[in-house]
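Report on the following structure.
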Amino acid sequence: MTPPVPLDLPGYVHVYSGKVRELYAPLDPATGSPSQDRLLLVASDRISAYDHVLESEIPDKGAVLTQLSLWWFEQLADLVPNHVVSDEVPAAVAGRALLVRRLEMLPVECIGRAYLTGGGLEDYRQNGSVCGVPLPEGLEDGSRLPGPIFTPTTKAPLGEHDLPMTFAEVEQEVGARLAAQVRDLTTAILSRGNGIAAARGILLADTKVEFGLDAASPDQDGNPTVVLADEVLTPDSSRFWPADQWQPGRTQPSYDKQFVRDWLTSAASGWDRGSGEAPPPLPDEIVDQTRAKYVEAYEALTGRTFAS
Ligand code: PZK
């Protein structure tokens, strides 16, 4: 069954919808007013492909990604504090929601790249650099970079595309100290992630992380603490590649979405990617195979069994 969006969650008010997730604010039971310091981050089972949110859902996707994110927050806790307060959430969203600290979000999408592909590859082919970061000659689609790089973008409103930023532009937005801090954290998170994931057969080509400031807990120098927010190192925020199929010089298969992409672009779907039309619903077997890939990634990375 497809739940209504936003959900009717007694004790919460809907504040924002992303493509596949929603934010709610808890209501103070005494006053009925929305909390100023907490949010409920809810992941749905929706999936996007080729810039469309599909009408078919992937059962348990929201829970798998929430549990994976929670596990990564723990793996990264010595590098950076995170926004998680509790995984005790209403039964209607059990397993797929987190109660988080409400932060002052930085107006930058922090992207780290360990391998070259997508928009980064286009920038490199035009300029020999990505977001102003110079790279050696001769790199191709899927090449491993000499080291992880920080390639930030603007946060465009929903439906618009984010635009590349130079590091100097990030400095102008948030100041030199915070810019250096989020750059170094972004590349450290991706390096730690790849150190763990490579041993489990998964490459993390790139990732998007978001940081916020917690003014309530200043750091040693009296500055607001930088806190890792949103989701982290999930297949929705990162490109996951199967390590055993990595072959620079071509488009890499996606760990999680390859069955969806292959079916949508096959004659069987009857869909024309360039038509602007909504993609058709997925066959049950494509849904099942895709669900299995999300569960497989979760289990390979965490060593835990996914229990729905
Ligand atoms: C926040 N988003 C993106 C995520 C959506 C939208 N801890 C926080 N404090 C304040 N704001 C945010 C967060 C977080 N995380 C995150 N926008 C604001 C987003 C999920 C669903 F609809």
Side-chain angles (χ1 to χ4, degrees), residues 3-9 12-28 33-48 51 53 57-58 61-74 76-77 79-90 92-93 95-112 152-163 173-174 178 181-182 185-186 189 207-219 224-238:
V5 175
L7 299 168
D8 180 42
L9 288 177
Y12 295 82
V13 60
H14 174 254
V15 294
Y16 189 78
S17 287
K19 284 214 287 190
V20 302
R21 297 177 304 157
E22 280 83 43
L23 286 174
Y24 300 80
L27 297 172
D28 184 317
S33 52
S35 167
Q36 295 289 82
D37 61 348
R38 296 284 185 270
L39 289 171
L40 186 73
L41 183 56
V42 180
S44 75
D45 292 340
R46 299 195 295 279
I47 183 172
S48 67
D51 264 341
V53 176
E57 297 194 329
I58 307 300
K61 173 175 176 280
V64 173
L65 270 57
T66 298
Q67 297 309 306
L68 182 57
S69 206
L70 202 47
W71 181 82
W72 278 123
F73 280 127
E74 291 164 13
L76 299 167
L79 290 179
V80 60
N82 63 66
H83 68 160
V84 177
V85 172
S86 171
D87 61 359
E88 289 176 34
V89 297
V93 293
R96 62 182 180 99
L98 295 174
L99 189 67
V100 303
R101 219 173 305 284
R102 190 173 206 153
L103 306 167
E104 189 184 320
M105 299 302 287
L106 298 181
V108 178
E109 301 277 19
C110 291
I111 297 173
T153 71
T154 60
K155 274 187 195 176
L158 200 60
E160 293 175 42
H161 280 283
D162 299 335
L163 295 172
E173 282 281 344
V174 305
L178 271 176
Q181 214 176 334
V182 299
L185 282 172
T186 300
I189 288 165
T207 194
K208 186 206 80 175
V209 289
E210 291 201 40
F211 297 100
L213 300 180
D214 188 357
S217 59
D219 68 15
T225 301
V226 173
V227 177
L228 180 60
D230 206 80
E231 62 184 330
V232 63
L233 300 177
T234 70
D236 276 7
S237 66
S238 319

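Just follow the structure's listing: the first ligand is 1, and inside any ligand the first atom is 1. Index from 1, following the sequence.
Between Leu103 and ligand 1, at least one pair of N/O atoms sits closer than 3.5 Å. For ligand 1, the polar-atom distance check finds no N/O of Tyr16 at less than 3.5 Å from any of the ligand's N/O atoms.
Other residues, nucleotides and ligands contribute more than 12 heavy atoms inside 6.0 Å of the CD atom of Glu74.
Of all the heavy atoms of Leu41, the ones lying under 4.0 Å from any atom of ligand 1 belong exclusively to the side chain. With a 4.0 Å heavy-atom cut-off, ligand 1 is reached by the backbone of Arg21 and by its side chain too. If you look at Leu39 next to ligand 1, the close heavy atoms, those under 4.0 Å, all belong to the side chain.
Within the listing of ligand 1, atoms 5 (C), 22 (F) sit less than 4.0 angstrom from a heavy atom of Gly18. Contact atoms of ligand 1 toward Arg101: 7 (N), 8 (C), 9 (N) (distance under 4.0 Å to a heavy atom of the residue). Here is the list of ligand 1 atoms found below 4.0 Å of a heavy atom in Ser17: 22 (F).
Remark: Lys61 engages Asp236 in a salt bridge, criterion side-chain N to carboxylate O under 4.0 Å.
Scanning the protein heavy atoms around atom 19 (C) of ligand 1, the nearest turns out to be Asp230 OD1, 3.9 Å.
Remark: side-chain polar atoms of Arg102 are not paired, donor with acceptor, to backbone N or O of Leu39 under 3.5 angstrom.
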